[in-house]
Asker: 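Handing you this structure, nothing more for now.
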Number of protein chains: 2
Amino acid sequence: MAKPDDRTVRTRRRSDGARTHEQILATAMELASVEGLGSLTIGRLARELDLSKSGVFAHFRSKARLQQQTIEAAREVFEREVLEPGLDAPDGLARLESLCEAYLSYVERGVFPGGCFFAQLLAEFDAPRGPIHDEVVELQRGWLALLERLIGTAKERGELDSSVDAQQLAFDLYAPLELANYLSVLRRDPTVVERGRTAIRATLTSAGRREGDRNRLGGRPTKE
Amino acid sequence: MAKPDDRTVRTRRRSDGARTHEQILATAMELASVEGLGSLTIGRLARELDLSKSGVFAHFRSKARLQQQTIEAAREVFEREVLEPGLDAPDGLARLESLCEAYLSYVERGVFPGGCFFAQLLAEFDAPRGPIHDEVVELQRGWLALLERLIGTAKERGELDSSVDAQQLAFDLYAPLELANYLSVLRRDPTVVERGRTAIRATLTSAGRREGDRNRLGGRPTKE
DNA sequence: CCTACCGATCGGTAGG
DNA sequence: CCTACCGATCGGTAGG
């Protein structure tokens with residue numbers, strides 16, 4: 001607060017520690033999406049950001065807190081890159097399709113260099129017990145609950161057949177989204193995402209009350 | 001060879017180093033399926049097996065070779081637990097269904113404590129470049145090629161519609177297998193596997209030429 | 001945000 | 001298969 005308008009500043013020092021904190025988390029998300037949250041080390045982050053190990057450490061005071069905050073930062077990216085655009089569509093079937101397409105687009109655009117942060121987290125912490133496992137359970141529950149809620153609304157509006165099992169359909173939609181993510185990263189080929197689009201389209205069509213409904217999930221890939 | 005019939009042997013020492021080698025790999029597969037191949041350390045294995053670190057190290061002479069041999073050992077388990085029972089069915093659609101069911105049963109039986117070894121490997125090494133990544137690419141290619149081959153045969157025999165895209169259908173079948181694996185481990189609840197069975201059944205039915213075909217992938221869960 | 005440290009563990013080597 | 005080591009890196013602390 002002493003010298004707020006100092007224009008002689010070298011490069012950083014704009015908003016002091018907060019800016020560094022953000023940069024650390026941004027790098028942490030990238031590293032974790034590629035190599036896993038377990039491979040994320042404070043020393044590695046320090047090297048990557050040209051800071052001292054203790055400098056990085058001071059921002060979090062424990063590795064567990066670094067991991068928690070990295071997950072939280074990734075949650076915000078997911079919110080901005082998938083949930084917000086995905087849910088910005090008319091309620092019902094259109095919103096369900098839009099959400100699936102938003103996820104596939106997020107994979108296709110390579111928002112995280114190692115693919116979906118949470119797909120990585122699911123596979124990494126599905127088995128080992130601990131606080132991160134518990135958080136992944138909650139995150140997955142929330143994701144599936146969201147899909148089930150949209151499916152329920154689409155059923156109420158008569159856009160999906162009333163005989164549809166919402167939990168099963170949520171599983172049926174989630175599966176190709178996940179596989180499209182893993183395979184597109186594995187092959188370094190975002191066109192695999194098109195397989196996911198085709199699968200989603202077919203699943204929604206066969207769950208629909210009639211195929212005359214306009215299907216907005218077309219074959220046009222997202223330009224970026 | 002000097003004392004082949006020594007009955008005064010304490011406990012181990014049956015087939016000497018080969019037995020120890022197998023035990024190390026068995027433990028390595030279990031650990032890797034839970035925590036990932038990257039978290040597998042020689043020191044950890046030594047503790048788990050009550051050996052010295054160098055004793056374990058001597059069997060492999062590098063961490064890379066330990067990882068390679070662990071993957072190879074897991075490949076043999078997959079062969080025995082999935083491919084052999086799965087492919088032991090009449091050629092065509094029945095064999096395709098049987099293979100999917102064999103995978104789901106392998107997940108359900110908890111052959112590896114952390115779920116499918118290769119699903120873990122896919123998620124762990126989809127992004128980081130290196131020799132393991134390259135091997136995962138090959139393994140995935142082989143798995144999808146096998147599915148596509150079985151689909152091709154089923155089409156030739158008229159058990160699947162001739163308009164079916166073999167690559168797409170392989171993707172559509174693979175997706176629920178993978179998700180059933182991840183979610184059943186995450187929730188520690190093998191009944192999630194039933195979601196996978198339902199998805200596979202629906203996908204094969206809608207790809208079939210007519211629904212009058214006998215569908216052997218029933219709702220009876222594998223007893224063990 | 002830094003230097004300077006701590007004990008533990010890593011992959012790996014020497015030598016037996 | 002062992003003991004005894006090596007340099008590097010880990011998470012974390014002290015003290016500024």
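Side chains are part of it too, since the values below use all heavy atoms of this structure and drop only hydrogens, waters and symmetry mates.
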Asker: Could you write out each protein N or O paired with an N or O of nucleotides 4-6 of chain D at a distance under 3.5 Å?
Answerer:
{"unit_1": "D/dA4", "atom_1": "N6", "unit_2": "B/S54", "atom_2": "OG", "d": "2.8"}

Asker: Quick one: ring pair (Phe, Tyr, Trp, His ring centres under 6.0 Å) partners of B/F125, sequence neighbours excluded?
Answerer: none

Asker: Given A/D126 and B/R188, is the salt bridge (Lys or Arg N to Asp or Glu O under 4.0 Å) satisfied, shown in steps?
Answerer: CA-CA 9 Å; A/D126 58 349; B/R188 307 185 194 292; over 6 Å; no

Asker: Could you list the residues that satisfy side-chain hydrogen bond (donor to acceptor under 3.5 Å, both in side chains) with A/Q67, not counting sequence neighbours?
Answerer: none

Asker: It should be established whether A/R47 places a side-chain nitrogen or oxygen under 4.0 Å from OP1 or OP2 of nucleotide D/dC10.
Answerer: yes

Asker: Just to verify, what does A/F78 make a ring pair (Phe, Tyr, Trp, His ring centres under 6.0 Å) with, not counting sequence neighbours?
Answerer: A/Y106, A/F118, A/W143

Asker: Regarding A/R187 and B/Q140, is there a side-chain donor-to-acceptor distance under 3.5 Å anywhere?
Answerer: no

Asker: Where along residues 56-73 of chain A does a heavy atom come under 4.0 Å from DNA chain C, residue by residue in number order?
Answerer: A/A58, A/H59

Asker: Does any pair with a residue in residues 113-122 of chain A pass salt bridge (charged side-chain N to carboxylate O under 4.0 Å, His left out), and if so which ones, sequence neighbours excluded?
Answerer: none

Asker: Can you name the ring pair (Phe, Tyr, Trp, His ring centres under 6.0 Å) partners of B/F112, sequence neighbours left out?
Answerer: B/F117

Asker: Apply salt bridge (Lys or Arg N to Asp or Glu O under 4.0 Å) to the pair B/D165 and A/R195, showing each step before the final yes or no.
Answerer: CA-CA 11 Å; B/D165 179 336; A/R195 294 255 171 254; 3.7 Å; yes

Asker: Taking CG from A/L45 and C1' from D/dC10, how many angstroms apart are they, rounded to a whole number?
Answerer: 13 Å

Asker: Under the salt bridge (Lys or Arg N to Asp or Glu O under 4.0 Å) criterion, do A/R80 and A/E76 qualify, and how do the steps go?
Answerer: CA-CA 6 Å; A/R80 171 168 26 92; A/E76 284 165 19; over 6 Å; no

Asker: Please list, chain by chain and in numerical order, all residues satisfying ring pair (Phe, Tyr, Trp, His ring centres under 6.0 Å) with B/F60, sequence neighbours excluded.
Answerer: B/H21

Asker: Using a 3.5 Å limit for the pairing distances, which stems of at least 3 consecutive Watson-Crick or G-U wobble pairs does DNA chain C take part in?
Answerer: C:1-16 with D:1-16

Asker: Search all heavy atoms of B/C116 against all heavy atoms of B/N181 and return the closest pair with its distance.
Answerer: N-OD1, 2.7 Å

Asker: Would you mind listing every side-chain hydrogen bond (donor to acceptor under 3.5 Å, both in side chains) that reaches into residues 32-46 of chain B, with sequence neighbours excluded?
Answerer: B/E35-B/R44, B/R44-B/E48

Asker: Report the residues that fulfil side-chain hydrogen bond (donor to acceptor under 3.5 Å, both in side chains) with A/Q23, sequence neighbours left out, ordered by chain and then residue number.
Answerer: none

Asker: Mind running a 4.0 Å heavy-atom check of residues 25-42 of chain A against DNA chain C and sending the residues that fall below it, in number order?
Answerer: none

